[in-house]
Amino acid sequence: MTEHRFLATSLFPCSAEELYRWHSRPGALERLVPPWEPTRVVAREGGIEPGGRVVMAMRAGPFPYHWHARHIEDVPGILFRDIQERGPFARWTHTHRFADTPDGARLEDQIDFALPGQAVLPGCAVRMVERTLERIFRYRHATLRDDLLLHRQCSRIPLRVLISGASGVLGNALIPLLTTGGHEVWTLVRRQPDRRQREIYWNPEKDALNLAGLPPFDGVIHLAGDNIGEGRWTAAKKQRVIDSRVRGTGLIARTVAGLPVRPKVLLSASAVGFYGNCLDCCMREEDRAGADFISDVCSLWEHAAQPAEAAGIRTVFLRIGVVLTPRGGALRRLLASSMLGFPRRFGSGDQYLSWISINDMVGAILHALTRDTLAGPVNIAAPNPVTNRQLMHSLAQATSRPLLPPIPALVLKSLYGQMASEVLLGGCRVATDKLQQSGYAFRHADLDLALRHLLGRCERNPPER
């Protein structure tokens, strides 16, 4: 059976030992899975040493399957190798090689593969696999390079961090970033906790959270809260949105304020919705709250963290913009409903969107965690907001799909009521000077570049062949 070889080689700003160590840490695989791929790790046994196993849920078009991989060789600082035990290929071996050069660490990803029924497959089948691998490894190497640069600034000292909302879209992206930087992560869960997995039970409705007897935490990151952008805002939905934020934040703030050894920092999620519908005004952290429901929610949310501030804990309110990722949130909903194309705009299309890519989102959180000078409200968004009209145009270009007629405001309001008025038809443009002046460097300040990166359409910095 003929075997084919794919190579992707890049240089990284670190030593070969550091590069190997990054790959050996928990979360490395999750950081490298492209966001456009419907792939998730469902089981893991061991690490990259021989005998370690990983099972991933994947899809080939509409067909789901599980990929079983086993690590068969590990030479610390030099290479490790894994093979497919069960999956779509007839054979698959992935060798990761590390070497020091005068220009930095060199990573070579070598994949030797054979396709089932290869003798009767058309010649283009192998080329299709190679094109897919080129997209994947272009993303992997770019993300790895950016992560290493971020960790050089923010991960010199390993921290012990407690996180709420760990199972959400943000938490799922943040935890692998932290663990590959050498940080120790504990999570709050509402089910029976597994202490071996560093889980801690909490229940804001019952005011239940006990951190006694645990090692002290350096920082707490609070991300939990009911999804405000789904469905109509009934009275029950509004109360659920408020309670999920105020009760959870208050419980965490009171608990950490009463610890004998308090964390140095609490990062508490909020949103740019704090400012309300600001038309084309550019809002800064010192501006007052708006008069919308979302503004009231954010004000109550931030006020609930007051016990932590009063106890002298550095408290940062992460006023988050619209986070772009194919794995969830607004972008996932737009992509799922765009088989024919994207609407030209929602309503007038002039409403501003303060957006941020998922990798900049989690990067900014790690930056805020370790930047002692950063406190109070901080706008977490890309420095170049766009209008709804511009967003739809960029999405159409990135996906090569057409623009469709606009959706009238009346239609959206009839479907979603007040939620449509504030989320879909309202707009907010925020300045990010405070975040940037604290030293954060954006990976993707431009929407078109961010979308191409997130969707695997970026041709910049191809792997060396």
Side-chain angles (χ1 to χ4, degrees), residues 30-40 56-65 128 131-132 134-136 138-140 142-143 167-174 227-231 271 320-347 349 351-362 381-382 384-407 411-412 415-416 419-420 423-425 427 443-444 446-460:
E30 287 83 351
R31 281 303 292 161
L32 296 177
V33 171
W36 67 85
E37 291 283 349
T39 300
R40 60 188 177 88
M56 293 180 288
M58 308 179 77
R59 298 185 75 87
F63 305 106
Y65 65 93
M128 286 176 61
R131 281 199 298 265
T132 299
E134 285 168 0
R135 290 178 69 205
I136 290 172
R138 187 178 299 118
Y139 175 88
R140 286 173 65 127
T143 299
S167 62
V169 174
L170 295 187
N172 274 323
L174 175 63
N227 190 333
I228 199 170
E230 287 188 352
I320 301 170
V322 176
V323 180
L324 298 184
T325 172
R327 292 189 177 277
L331 181 57
R332 182 178 182 179
R333 290 195 290 271
L334 285 170
L335 292 170
S337 61
S338 66
M339 294 300 293
L340 298 178
F342 297 93
R344 194 170 299 275
R345 62 181 185 271
F346 290 168
Q351 62 271 34
Y352 269 94
L353 182 84
S354 290
W355 61 275
I356 186 168
S357 73
I358 185 68
N359 282 331
D360 269 321
M361 176 71 249
V362 296
N384 298 308
V386 298
T387 63
N388 171 258
R389 189 194 314 268
Q390 290 171 315
L391 171 66
M392 295 305 182
H393 184 265
S394 294
L395 270 173
Q397 283 194 320
T399 57
S400 300
R401 295 176 187 172
L403 282 169
L404 305 175
I407 303 179
V411 172
L412 292 170
L415 290 172
Y416 299 110
M419 191 277 279
V423 175
L424 301 178
L425 300 171
R443 304 183 188 204
H444 302 114
D446 175 80
L447 177 63
D448 292 328
L449 178 60
L451 289 174
R452 290 198 300 270
H453 182 73
L454 291 168
L455 300 176
R457 308 298 176 91
C458 188
E459 298 299 325
R460 191 176 61 132

> When you look at Arg59 and Thr39, which way does the side chain to side chain contact (heavy atoms under 4.5 Å, CB included) test go after all the steps?
Replying inline: CA-CA 7 Å; Arg59 298 185 75 87; Thr39 300; over 6 Å; no

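For the pair Ile358 and Arg327, the minimum side-chain heavy-atom distance is 4.5 Å or more. Between Leu455 and Leu335, the closest side-chain pair of non-hydrogen atoms falls below 4.5 Å. Side-chain contact between Ile136 and Leu32: absent, with no pair of heavy atoms (C-beta onward) separated by less than 4.5 Å. Between Arg443 and Thr143, the closest side-chain pair of non-hydrogen atoms falls below 4.5 Å. Contact of the Asn359 side chain with the His453 side chain is registered, since non-hydrogen atoms from C-beta on lie closer than 4.5 Å. Considering only heavy atoms from C-beta on, Val323 stays 4.5 Å or farther from Leu331 through its side chain.
Remark: Arg332 pairs with no residue by the side-chain contact (heavy atoms from CB on, under 4.5 Å) rule, at least two apart or across chains. Applying the side-chain hydrogen bond (donor to acceptor under 3.5 Å, both in side chains) rule to Gln390 yields the partners Thr387; only residues at least two apart in sequence or on another chain are considered. Residues satisfying the side-chain contact (heavy atoms from CB on, under 4.5 Å) test with Ala450, not counting sequence neighbours, are Trp355, Ser357, His444. Contacts of Glu37 classified as salt bridge (Lys or Arg N to Asp or Glu O under 4.0 Å), with partners at least two apart in sequence or in another chain: none. Annotation: side-chain hydrogen bond (donor to acceptor under 3.5 Å, both in side chains) contacts of Tyr416 (sequence neighbours excluded): none. Evaluation of the salt bridge (Lys or Arg N to Asp or Glu O under 4.0 Å) rule for Arg389 yields Asp350 as partners, not counting sequence neighbours. Every salt bridge (Lys or Arg N to Asp or Glu O under 4.0 Å) that Arg31 has, sequence neighbours left out, goes to Asp147. With sequence neighbours excluded, no residue forms a side-chain contact (heavy atoms from CB on, under 4.5 Å) with Asn172. Remark: Asn384 engages no residue in a side-chain hydrogen bond (donor to acceptor under 3.5 Å, both in side chains) (not counting sequence neighbours). Every side-chain hydrogen bond (donor to acceptor under 3.5 Å, both in side chains) that Ser394 has, sequence neighbours left out, goes to Asp448. In this view, Phe342 satisfies the ring-ring contact (aromatic ring centres under 6.0 Å, His included) rule with no residue, not counting sequence neighbours.
Sorted by first and then second residue, the salt bridge (charged side-chain N to carboxylate O under 4.0 Å, His left out) pairs with a member in residues 391-403 form an empty list; sequence neighbours excluded.
No more than 12 heavy atoms of other residues, nucleotides or ligands lie within 6.0 Å of CZ in Arg40, so this atom counts as exposed by the packing criterion.
Residue Pro402 comes nearest to Leu340 through the heavy atom pair CG-O, 3.1 Å, listed as atom of the first residue, atom of the second, then distance. Closest approach of Pro385 and Tyr352 over heavy atoms only: CB-CD2, 4.1 Å. The two residues Pro326 and Leu454 come nearest to each other via the heavy atoms CG-O, 3.6 Å. Pairing each heavy atom of Ala382 with each of Ile356, the nearest pair is N-CB, 3.9 Å.
A distance of 7.0 Å separates CG in Leu353 from CG in Leu324, rounded to the nearest 0.5 Å. Taking CZ of Arg345 as the start and CG of Leu403 as the end, the distance is 10.5 Å to the nearest 0.5 Å. We find the CE-OH distance between Met56 and Tyr65 to be 8.0 Å, quoted to the nearest 0.5 Å. Considering NE2 of His393 and CG of Leu447, their distance stands at 11.5 Å, rounded to 0.5 Å.
Looking at Arg135, its side chain does come within 3.5 Å of a backbone N or O of Gly456 through a donor-acceptor pair. Remark: side-chain polar atoms of Gln351 are paired, donor with acceptor, to backbone N or O of Leu424 under 3.5 angstrom. Side-chain N or O atoms of Ser337 include one that pairs as donor or acceptor with a backbone N or O of Leu334 at under 3.5 Å. At least one donor-acceptor pair closer than 3.5 Å links the side chain of Asn388 to the backbone N or O of Phe346. With Arg457 contributing its side chain and Ala398 its backbone, the two residues share a donor-acceptor pair below 3.5 Å.
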